[in-house]
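Inspection log for the structure reproduced underneath, given as structure tokens.
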Amino acid sequence: MGTLGAILKHPVDIYPLLKLRMVAKHAEKQIPPEPHWAFCYSMLHRVSRSFALVIQQLGTELRNAVCIFYLVLRALDTVEDDTSIPTDVKVPILLAFHRHIYDRDWHFSCGTKDYKVLMDQFHNVSTAFLELGEGYQEAIEDITKKMGAGMAKFILKEVESIDDYDEYCHYVAGLVGLGLSKLFHASGLEDLAPDSLSNSMGLFLQKTNIIRDYLEDINEIPKSRMFWPREIWSKYVNKLEDLKYEENSVKAVQCLNDMVTNALIHMDDTLKYLSELRDPAIFRFCAIPQIMAIGTLAMCYNNVDVFRGVVKMRRGLTAQVIHQTKTMADVYGAFFDFSCMLKSKVDNSDPNAVKTLSRLEAAQKSCRESGALNKRKSYIIRNEPIYIPVLIVLFFILLSIIFAYLSANRPSY
Ligand code: D61
Ligand code: MG
């Protein structure tokens with residue numbers, strides 16, 4: 001369904017979408033004049049639309065550090081993700097990448113499209129990195145070293161057990177959480193959060209991605225990318241790729257529900273991490289991706305379309321989340337709403353139904369006990385009266401009639 005169709009179906013998206021476009025336009029104006037910084041910020045927008053907008057709303061000093069942190073790790077991940085690079089070439093680069101970021105002459109071409117541009121002009125990122133404060137450089141190098149080593153380990157090792165799965169997600173996302181908490185602390189705006197909470201922030205996002213991107217990853221050319229742990233999928237099928245075949249749909253959806261239920265483990269830590277933050281811009285930067293994640297999990301749960309194509313939140317709802325998320329009350333509200341949405345899809349015949357419901361009820365309990373639920377707008381309970389869409393349509397028809405009339409009677413000079 002095109003954007004126009006989606007807007008007519010969800011007219012409440014119009015204002016947030018317009019607001020989002022204005023914020024994006026404003027962000028573009030903030031791009032620094034120096035060519036290497038201009039490259040970094042334009043590249044940030046090209047390789048990550050979702051994080052680019054929330055990074056842009058951070059204060060200048062922290063924004064530059066987080067922007068470079070993102071591009072350094074995205075470059076490292078581009079090496080990891082390029083399945084055409086032979087292992088004996090890839091592993092040494094992953095292990096030494098934390099040293100390469102200091103060397104403006106270092107270059108390794110790989111990846112496709114914008115990722116390839118990032119790699120080919122990576123010297124711009126190194127130049128900007130070397131301009132960051134000492135504390136920021138140390139935190140970024142430390143995380144890059146640990147993530148490179150973790151990625152190298154799993155180039156040679158399959159994700160078998162759930163412990164392997166948590167370990168892999170720690171390396172590629174948990175460490176990002178730990179690094180961000182260090183950057184927030186180095187900026188003097190936040191206390192240093194406990195590693196366990198920072199790690200959970202990353203695992204909740206990464207596991208949501210791994211679940212949502214099942215089909216894209218398993219169909220990756222030349223080699224499949226497989227992150228679902230054998231300990232879970234082997235209860236439903238003999239091979240991970242069997243989940244995508246029509247005849248295995250019932251087992252596939254049960255396996256999907258098992259994976260979603262596993263990801264829900266990290267909800268409490270995520271809510272605790274967010275409730276400790278003090279700086280409003282840092283709060284929004286951390287909260288918006290988490291709300292997108294619980295929303296995406298609610299859409300993926302019990303949804304066979306995950307094995308048919310990519311299930312994504314509609315742009316209008318994304319705009320609403322970005323527009324409406326300002327306080328912890330908004331976060332409790334969103335987690336409560338999307339938990340209700342997920343709960344409404346739990347079928348008691350599902351093998352994990354009891355576990356799924358208990359984790360949802362635990363999260364809903366902490367949201368209720370926050371006492372923040374009543375003062376907020378809901379993401380799912382449609383409270384706008386049905387006549388609004390009709391009015392908007394009429395308005396547009398009127399506008400086009402006036403326009404047609406004016407253009408018809410415009411005096412020809
Ligand atoms: C607060 C706010 C943002 C947070 C956070 C806490 C904790 C963790 C994260 C963001 C990271 C979440 C990662 C989820 C998306 N997954 C990926 O991008 C995978 O690549 C992981 C390795 C590179 C990590 C790059 C990254 C991502 C977000 C950042 C950041 C660095 C630095 C600062 C802020 C946000 C995925 O990549 C998909 C792709 O290639 O597009 C993969 O390859 O598995
Ligand atoms: Mg990767």
Side-chain angles (χ1 to χ4, degrees), residues 40 43-44 46-58 62-83 85 90 94 97 110-116 118-119 125 136 139-140 143-144 146-148 150-152 154-155 159 165 168-184 190 193 195-214 216-217 220 223 225-228 263 266 269-270 273-274 276-277 279 281-293 296 310 325 331:
C40 291
M43 190 39 73
L44 179 65
R46 287 162 57 179
V47 292
S48 169
R49 261 160 35 76
S50 51
F51 281 111
L53 277 171
V54 288
I55 289 175
Q56 282 289 156
Q57 53 93 44
L58 291 169
L62 197 49
R63 182 190 321 134
N64 287 347
V66 174
C67 172
I68 298 305
F69 187 38
Y70 182 91
L71 293 174
V72 165
L73 296 183
R74 185 51 69 208
L76 175 67
D77 182 55
T78 301
V79 177
E80 184 214 25
D81 292 0
D82 187 334
T83 49
I85 305 172
K90 182 180 290 191
L94 294 174
F97 201 85
C110 67
T112 58
K113 301 197 279 313
D114 289 319
Y115 294 97
K116 184 167 185 351
L118 171 62
M119 299 309 292
V125 180
Y136 293 131
I140 292 173
I143 297 299
T144 306
K146 289 173 177 153
M147 185 184 288
M151 285 174 165
F154 278 90
I155 296 293
V159 177
Y165 179 49
Y168 178 75
C169 291
H170 164 68
Y171 290 136
V172 300
L175 284 172
V176 177
L178 272 70
L180 287 169
S181 296
K182 279 188 184 165
L183 297 181
F184 299 157
E190 301 286 351
D195 285 356
S196 59
L197 298 185
S198 301
N199 189 54
S200 292
M201 290 283 281
L203 266 63
F204 194 62
L205 297 179
Q206 182 64 15
K207 287 186 176 184
T208 300
N209 267 37
I210 286 176
I211 291 167
R212 181 201 63 195
D213 298 345
Y214 164 81
E216 200 179 86
D217 287 341
E220 178 81 11
K223 208 153 60 67
R225 286 158 37 95
M226 302 196 282
F227 304 111
W228 289 30
H266 308 292
D269 279 1
T270 293
Y273 181 97
L274 293 173
E276 305 283 333
L277 292 175
D279 177 84
I282 290 176
F283 175 80
R284 292 188 75 232
F285 166 72
C286 294
I288 291 167
Q290 301 297 330
I291 294 175
M292 300 289 295
T296 302
V310 173
T325 304
V331 170

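Model, not experiment: these values are computed from the prediction. Whatever order the structure lists them in is the order used to number ligands and atoms, beginning at 1. Computation of the quantities below employed the complete heavy-atom set of this structure, encompassing side-chain atoms and omitting hydrogens, waters and symmetry-equivalent molecules.
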Problem set entry | Considering all heavy atoms, the nearest Ala173-Gly202 contact | CB-O, 3.4 Å
Exercise. Between Tyr273 and Ser200, is a side-chain contact (heavy atoms from CB on, under 4.5 Å) present by the stated rule, with each step listed?
Worked result: CA-CA 9 Å; Tyr273 181 97; Ser200 292; over 6 Å; no
Exercise. Are any of the N or O atoms of Asp81 closer than 3.5 Å to those of ligand 1?
Worked result: yes
Seminar exercise, completed: The expected count of protein N/O/S atoms at less than 2.8 Å from the Mg ion (ligand 2) is 3
Problem set entry | Sidechain-backbone polar pair: Arg46 side chain, Asp114 backbone, donor-acceptor under 3.5 Å | no
Exercise. Between the main-chain N or O of Val159 and the side-chain N or O of Trp228, is there a donor-acceptor pair closer than 3.5 Å?
Worked result: no
Problem set entry | Sub-4.0 Å heavy-atom contact, Arg225 with ligand 1 | yes
Seminar exercise, completed: Candidates Cys169, Ser181, Gly177, Gly174; heavy atom nearest atom 7 (C) of ligand 1 found on Gly177
Problem set entry | Element-labelled atoms of ligand 1 that are located less than 4.0 Å from some non-hydrogen atom of Gly202 | 7 (C), 8 (C)
For this session: Report yes or no: does a heavy atom of Tyr273 sit under 4.0 Å from some atom of ligand 1?
Result: no
Seminar exercise, completed: Between the CD1 atom in Ile210 and the CZ atom in Arg225, the distance rounded to the nearest 0.5 Å is 9.0 Å
Exercise. Going by the order shown, which atoms of ligand 1 are within less than 4.0 Å of some heavy atom of Tyr115?
Worked result: 41 (O)
Problem set entry | Glu80-ligand 1 polar pair, N/O distance under 3.5 Å | no
Problem set entry | N/O separation below 3.5 Å, Ser198 to ligand 1 | no
For this session: Could you tell me whether the side chain of Glu80 and the main chain of Met151 form a donor-acceptor pair under 3.5 Å?
Result: no
Problem set entry | Pro289 heavy atom under 4.0 Å from ligand 1 | no
Problem set entry | Donor-acceptor contact present, side-chain Gln57 to main-chain Val54, <3.5 Å | yes
Problem set entry | Protein contact of atom 10 (C) of ligand 1 - nearest heavy atom, named by residue and atom, plus distance | Leu205 CD1, 3.6 Å
Exercise. Any donor and acceptor pair, going by atom type alone, linking the side chain of Arg284 with main-chain N or O of Thr325 inside 3.5 Å?
Worked result: yes
Exercise. Nearest to atom 6 (C) of ligand 1, what protein heavy atom do you find, and at what distance?
Worked result: Leu180 CD1, 3.7 Å
Problem set entry | Option set Val66, Asp77, Val176, criterion heavy-atom distance to atom 40 (O) of ligand 1, minimum | Asp77
Exercise. Any idea which part of Tyr70 is under 4.0 Å from ligand 1, heavy-atom wise: side chain, backbone, both or neither?
Worked result: both
Seminar exercise, completed: Scanning both residues in full, the closest heavy-atom pair of Ala139 with Leu183 reads CB-CD2, 3.9 Å
For this session: For ligand 1, indicate whether the residue Ile210 contacts it via side chain, backbone, both or neither (heavy-atom separation under 4.0 Å).
Result: neither
For this session: Using a strict 4.0 Å cut-off to heavy atoms of Val172, name the atoms of ligand 1 that fall inside it.
Result: 21 (C), 22 (C), 24 (C)
For this session: Check for a donor-acceptor pair, side chain of Asp269 on one end and backbone N or O of Leu197 on the other, with a separation under 3.5 Å.
Result: no
For this session: Check whether any side-chain N or O of Glu190 sits under 3.5 Å from a backbone N or O of Asp279 as a donor-acceptor pair, and report yes or no.
Result: yes
Problem set entry | Check: Ile143 main-chain N/O paired with Lys182 side-chain donor or acceptor under 3.5 Å | no
Exercise. Hey, does the side chain of Gln290 reach the backbone of Met201 with a donor-acceptor pair shorter than 3.5 angstrom?
Worked result: yes
Exercise. Who's the nearest protein heavy-atom neighbour of atom 18 (O) of ligand 1, and how far?
Worked result: Arg74 NH2, 2.6 Å
Exercise. If you measure from each non-hydrogen atom of Phe184 to ligand 1, which part falls under 4.0 Å: side chain, backbone, both or neither?
Worked result: neither
For this session: Tell me, please, which residues at least two apart from Tyr168 pass ring-ring contact (aromatic ring centres under 6.0 Å, His included).
Result: Phe154, Phe227
